[in-house]
K.L.:
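This is the structure I have questions about; it appears just below.
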Amino acid sequence: GLSGSGLVLRNNGGNDLAIPANGSFTFGTLVASGAAYSVTVLTPPTNLSQTCAIANSSGTVVASNVTLNVTCTVNSFVVNANVSGLAGSGLVLQNKGGDDLTVAANGSAAFSTNIVSGSTYDVRVLVQPATPNQRCTVTNGRGAVTNAAISATVSCVTQVPRFAYSVDNYNSTLSIYGVDAATGQLRPRGYVATGSNPTMATSDPAQKFWFALSAAASTLSVYSHDD
């Protein structure tokens with residue numbers, strides 16, 4: 001089962017034996033009949049990270065050579081998300097397109113599925129927080145799992161409204177205004193035609209798209225906003 005590198009075994013506190021691959025290997029120093037042996041893992045494999053177990057690892061040499069079986073298995077590691085700045089609710093993270101993780105508070109949260117050494121991880125935001133609307137970004141979110149647990153950093157900031165909007169039912173238009181972050185003053189940014197007699201409008205949380213509902217025309221108009 002050896003697939004990593006750097007495995008070293010030790011017998012009786014010395015007599016180290018490097019194991020480069022699967023197969024049969026012999027310690028350099030012989031042990032006399034009647035003497036004890038005790039084989040341990042001095043250095044476990046890395047790249048891939050593995051744990052190796054030794055069957056019949058200690059005993060007494062009698063009238064024949066002693067053969068030990070060393071079995072190695074690949075380790076798996078947890079993927080953590082260290083979240084800061086979270087004030088809204090509903091944040092959902094995802095790893096490798098699944099293993100959804102709902103995060104309710106700042107701090108460290110762990111995905112339920114560990115990732116084996118040598119495999120990749122890919123942490124992304126599936127659902128951004130709301131109430132208040134926030135934008136969360138991930139750093140150290142992608143890479144390969146090697147010999148330790150992974151910590152991705154998720155930083156959240158509250159989205160300050162940059163734009164306001166209004167519908168004109170009479171003229172069938174949607175008007176956009178810039179919002180001064182310091183004073184709240186509205187500054188006209190233009191308008192677009194909608195379906196006849198619009199009744200309401202809204203935007204996505206990032207205010208990149210605007211939606212105007214026209215009940216009279218039974219239409220929903222969608223507009224993209226170019227900063």
Side-chain angles (χ1 to χ4, degrees), residues 1-84 86 91-126 136 138-155:
L2 181 62
S3 53
S5 59
L7 173 62
V8 179
L9 304 179
R10 170 170 284 184
N11 184 30
N12 289 338
N15 192 18
D16 296 348
L17 175 63
I19 308 294
N22 292 308
S24 180
F25 301 89
T26 303
F27 284 95
T29 301
L30 301 181
V31 178
S33 179
Y37 69 91
S38 178
V39 178
T40 58
V41 175
L42 177 63
T43 306
T46 58
N47 192 35
L48 305 172
S49 173
Q50 293 190 280
T51 297
C52 297
I54 305 173
N56 191 32
S57 62
S58 62
T60 301
V61 175
V62 285
S64 62
N65 294 330
V66 175
T67 299
L68 307 178
N69 291 319
V70 181
T71 304
C72 299
T73 56
V74 179
N75 295 324
S76 62
F77 296 95
V78 66
V79 177
N80 296 301
N82 294 321
V83 181
S84 63
L86 180 62
L91 172 63
V92 180
L93 305 176
Q94 197 172 67
N95 185 27
K96 300 185 73 171
D99 197 16
D100 295 358
L101 174 63
T102 299
V103 181
N106 291 310
S108 181
F111 287 93
S112 60
T113 303
N114 289 358
I115 305 297
V116 296
S117 177
S119 296
T120 60
Y121 66 96
D122 185 0
V123 177
R124 304 190 182 200
V125 177
L126 178 63
C136 300
V138 182
T139 55
N140 190 37
R142 302 177 66 184
V145 176
T146 54
N147 305 311
I150 298 298
S151 292
T153 300
V154 181
S155 302

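Source: prediction; values computed, not measured.
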K.L.:
Can you measure from CG (Leu126) to CG (Asn95) and round to the nearest 0.5 angstrom?
P.N.:
12.0 Å
K.L.:
Pair Asp122, Lys96 - check salt bridge (Lys or Arg N to Asp or Glu O under 4.0 Å), show working.
P.N.:
CA-CA 5 Å; Asp122 185 0; Lys96 300 185 73 171; over 6 Å; no
K.L.:
When you measure from the side chain of Ser33 to the backbone N and O of Val62, does any donor-acceptor pair fall under 3.5 Å?
P.N.:
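Present.
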K.L.:
Report yes or no: do Asn82 and Thr153 form a side-chain donor-acceptor pair below 3.5 Å?
P.N.:
no
K.L.:
Of all the heavy-atom pairs spanning Gly141 and Ala152, show the shortest one and how long it is.
P.N.:
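Minimum heavy-atom contact is CA-CB, 4.3 Å.
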K.L.:
Locate the shortest heavy-atom distance separating Leu93 from Ala81; write the atom from each residue and the value.
P.N.:
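Looking at all heavy atoms of both residues, the closest pair is CD1-CB, 3.6 Å.
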K.L.:
With respect to Ser117, which candidate in Ser49, Pro45, Ser3 satisfies the side chain to side chain contact (heavy atoms under 4.5 Å, CB included) definition?
P.N.:
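Going through the options one by one, the only one that passes is Ser49.
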K.L.:
Atom CG of Asn114 and atom OG of Ser119: how far apart are they, to the nearest 0.5 Å?
P.N.:
11.5 Å
K.L.:
For the residue pair Leu86 and Ala104, what are the closest heavy atoms and their distance?
P.N.:
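Heavy atoms of Leu86 and Ala104 come nearest at CD2-C, 3.9 Å.
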K.L.:
Is a donor on one side and an acceptor on the other found under 3.5 Å between the side chain of Asn56 and the backbone of Asn69?
P.N.:
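Not a single qualifying donor-acceptor pair exists.
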K.L.:
Can a donor-acceptor pair be found, under 3.5 Å and without considering hydrogens, that links the side chain of Gln50 to the backbone of Gly4?
P.N.:
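Checked: pair present.
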K.L.:
Would you mind reporting whether Tyr37 and Leu68 have side-chain heavy atoms less than 4.5 Å apart?
P.N.:
yes
K.L.:
Decide yes or no for Ile54 and Val41: does some side-chain heavy atom of the first lie under 4.5 Å from some side-chain heavy atom of the second?
P.N.:
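Result yes, sub-4.5 Å side-chain heavy-atom pair found.
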K.L.:
Where do Ala110 and Asn80 come nearest, in terms of heavy atoms and distance?
P.N.:
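Where Ala110 meets Asn80 most closely, the heavy atoms are CB-OD1, 3.4 Å.
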K.L.:
Output yes when a side-chain donor or acceptor of Asn12 lies under 3.5 Å from a complementary backbone atom of Ala36, and no otherwise.
P.N.:
yes
K.L.:
Does the Asn47 side chain pair with the main chain of Thr146, one donor and one acceptor, at a distance under 3.5 Å?
P.N.:
no
K.L.:
Please identify which of these residues, Val78, Leu101, Asp99, meets the side chain to side chain contact (heavy atoms under 4.5 Å, CB included) condition with Thr113.
P.N.:
Asp99
K.L.:
Provide the closest heavy-atom pair for Asn140 versus Tyr121 in the form atom of the first, atom of the second, distance.
P.N.:
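For Asn140 versus Tyr121, the nearest heavy atoms are OD1-OH, 3.1 Å.
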K.L.:
Is it true that Thr51 and Asn75 share a donor-acceptor pair across their side chains at a distance under 3.5 Å?
P.N.:
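A donor-acceptor contact under 3.5 Å links the two side chains.
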K.L.:
To the nearest 0.5 Å, what is the distance between OG1 (Thr29) and CG (Asp16)?
P.N.:
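The distance works out to 10.0 Å.
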K.L.:
So do Leu2 and Leu7 actually touch side chain to side chain, heavy atoms under 4.5 Å?
P.N.:
yes
K.L.:
Would a 4.5 Å heavy-atom cut-off, applied to side chains only, mark Val39 and Leu17 as touching?
P.N.:
no
K.L.:
Grab the two heavy atoms, one from Val145 and one from Ala148, that are nearest each other, plus how far apart they are.
P.N.:
CG1-O, 4.2 Å
K.L.:
Would you find a donor on one side and an acceptor on the other, under 3.5 Å apart, between the side chain of Ser155 and the backbone of Val138?
P.N.:
no
K.L.:
Just how far is it from atom CD1 of Ile19 to atom CG of Leu42, taken to the nearest 0.5 Å?
P.N.:
11.5 Å
K.L.:
Any chance you could measure Ser57, atom OG, to Leu9, atom CG, to the nearest 0.5 Å?
P.N.:
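Reported to 0.5 Å precision, the distance equals 11.0 Å.
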